[in-house]
There are 2 protein chains.
Amino acid sequence: MNVLSKCPLFKGINPEELNALLKDIHYQIKKYQKGQMIAMSGDKCNALMIMLKGSVKGEMMDPSGKSIKIEDIEPPKPLAIAFIFGEENTCPVNIVANNDVELFRLPKDSMIKLLQKSAIFLNNFMDIISNRAQFLSEKIRFLSFQTIRGKLAHYLLQIVGPVDGEVILPKSQEELATMFGVTRPSLGRAIRDMHNDGLIEAKGKSIRILDRKLLIQQLKKG
Amino acid sequence: MNVLSKCPLFKGINPEELNALLKDIHYQIKKYQKGQMIAMSGDKCNALMIMLKGSVKGEMMDPSGKSIKIEDIEPPKPLAIAFIFGEENTCPVNIVANNDVELFRLPKDSMIKLLQKSAIFLNNFMDIISNRAQFLSEKIRFLSFQTIRGKLAHYLLQIVGPVDGEVILPKSQEELATMFGVTRPSLGRAIRDMHNDGLIEAKGKSIRILDRKLLIQQLKKG
DNA sequence: TCGATTTTGTAACAATTGTTACAGCACATG
DNA sequence: CATGTGCTGTAACAATTGTTACAAAATCGA
């Protein structure tokens, strides 16, 4: 349970306290193999689930069946925590194991007990919920970029940060395209065009910003 | 305070109880005129704000300065409730008064007091937060439609519902376009094309579904 | 009712993205 | 080293959306 005490939900609760809290509470440890579907879009969110091991991806299927990758989640983070309560407490994404996965699972009513028992847990929960809302809100903003070039400019400025230099893209073009909600050849073209226009130097996964001003301008164009 | 007791945050709390709860708590009533900016994207969300009178709109500015209308909010609903806590408790949208507006404003620390005082309030808060997350999630899904026709099919099927017949669009094309994140002439073209293709009959704001099957197919195409 | 303002309808052209297909490259494995 | 797999680069064409501009229609307020 080392990982569990590192979960942001238990911040400020030391391991002894955590054990005491979990004493009268029914939880499970669940395991999944690579590729297994942990939760399907539309399934009920009836439990708190915290990553103990491995990695999962959250994907949203658009109406035509194409997937938009929302994020990868690793320990010690919780899954779909914002969707546990409410009139329609369904999971809005497919959650799939990227590799072998181990989850701490706490049914909803046990979780409610925890919320009532521990003000620290309650406060952490509310912080995390608002962080999730900010994340979703930021995703909306990103999807509102009108052009692939705009999305790319935004993404590159984010991963490169304020210091110029070469970075290695952490994802394949296919994965990035899925994240951007566009097709891979189109993303490749945008990279090529921006390389040819002198904004970046792109060699495979290696990217260097050549003209940060132009890149920021592209960002502002959306 | 009639409106306040109707707010979903106070569901299950009768007016006497509500008065008792608010007794030791510092709140304000704020007024705004049509067009006034109530909160700006990036402003701190340090208070619970509940609509008492009037109507406000939440808009997100995209990088190029174009606005995407997120929603209109009326009494007795709370504003930006999902963003009050967390590391980055900033408001992600501009909130502008559509007309004369009156708000109940409760500073964050007073709100925390309420959460600790009333389990009903706490439960209602968690329900509403999850409802907001579902709403944001649905917005992401909507923005992932690839075509304007797809967005329109989705929107029309939503407002018409399962019963065929003529509906009057509740918003101008310009407003709908803003909501869809597209331009007004392009939206008009999509409406015209779908009219010409026999999916709908469109006369100004009046829309009748002619071929629901084709419309659902269009929805599936994204 | 009239004038002002807003909304709708539309065309033509430009820009961007999607689709399909294939070749070449990089990396891992036997 | 050879082979298989996954990724990248790219072209050509099709489809969709944005932009600009203007006329007509609808709505609103005095």
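Labels below follow one simple rule: chain letters A, B, ... track the order of the sequence lines, proteins then strands, and each chain is numbered from 1.
A ring-ring contact (aromatic ring centres under 6.0 Å, His included) check over residues 188-222 of chain B, counting only residues at least two apart or in different chains, returns nothing. For residues 29-62 of chain B, the set of pairs meeting the ring-ring contact (aromatic ring centres under 6.0 Å, His included) definition, not counting sequence neighbours, is empty. Every pair tested for ring-ring contact (aromatic ring centres under 6.0 Å, His included) that includes a residue from residues 203-222 of chain A fails, sequence neighbours excluded, so the list is empty. Counting only residues at least two apart or in different chains, salt bridge (charged side-chain N to carboxylate O under 4.0 Å, His left out) contacts with residues 147-163 of chain B comprise B:R149-B:D197.
Atom NZ of B:K108 has more than 12 heavy atoms from other residues, nucleotides or ligands within 6.0 Å. Counting non-hydrogen atoms of other residues, nucleotides and ligands closer than 6.0 Å to NZ of B:K53 gives a total of 12 or fewer. Within a 6.0 Å sphere centred on CE of A:M37, other residues, nucleotides and ligands contribute more than 12 heavy atoms.
The footprint of chain B on DNA chain C, defined by a heavy-atom cutoff below 4.0 Å, extends from C:dT8 to C:dG18.
Note on the helix from C:dT1-D:dA30 to C:dG30-D:dC1: angle between the axes of the first and last five pairs equals 50°, rounded to 10 degrees.
Shown for residues 208-222 of chain A: no residue has heavy atoms falling under 4.0 angstrom of DNA chain D. Contacts between residues 188-195 of chain A and DNA chain D, counted as heavy-atom distances below 4.0 Å, involve A:R189, A:R192. For the segment residues 174-187 of chain A, residues with any heavy atom less than 4.0 angstrom from an atom of DNA chain C are, sorted by number, A:V182, A:T183, A:R184, A:P185, A:S186.
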Show me the donor-acceptor pairs within less than 3.5 Å that the side chains of residues 82-89 of chain B make with the rest of the protein, sequence neighbours left out.
from	atom 1	to	atom 2	distance (Å)
B:N89	OD1	B:K44	NZ	3.1
B:N89	ND2	B:C45	O	3.2
B:N89	ND2	B:N46	OD1	3.3
B:N89	ND2	B:I84	O	3.2

Would you give me the side-chain donor-acceptor pairs under 3.5 Å for residues 90-98 of chain B, sequence neighbours excluded?
from	atom 1	to	atom 2	distance (Å)
B:N94	OD1	B:S41	N	2.8
B:N98	ND2	B:S55	OG	2.7
B:N98	ND2	B:D72	OD1	3.2

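An OP1 or OP2 oxygen of D:dT8 is reached within less than 4.0 angstrom by a side-chain nitrogen or oxygen of A:K205.
In terms of the ring-ring contact (aromatic ring centres under 6.0 Å, His included) criterion, residue partners of B:F142 (sequence neighbours excluded) are, by chain and number, B:F145, B:H154, B:F180.
Ring pair A:Y27/A:F104 is tilted by interplanar angle, where 30° to 60° counts as tilted.
In this structure, B:R132 pairs ionically with B:E71, as a charged nitrogen and a carboxylate oxygen lie closer than 4.0 Å. Salt bridge B:E59/B:K69: absent, no basic N to carboxylate O contact under 4.0 Å.
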Stepwise side chain to side chain contact (heavy atoms under 4.5 Å, CB included) check, A:Q218 with A:L199: CA-CA 9 Å; A:Q218 180 62 67; A:L199 283 76; 4.3 Å; yes
Stepwise side chain to side chain contact (heavy atoms under 4.5 Å, CB included) test for B:I168 and B:I207: CA-CA 6 Å; B:I168 306 295; B:I207 305 271; over 6 Å; no
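Comparing A:R149 and B:K171 by the nucleotide of DNA chain C whose heavy atom lies nearest to each, the residue mapping closer to the 5' end is B:K171.
As rounded to whole Å, 13 Å separates atom C1' of D:dC7 from atom CG of A:L169.
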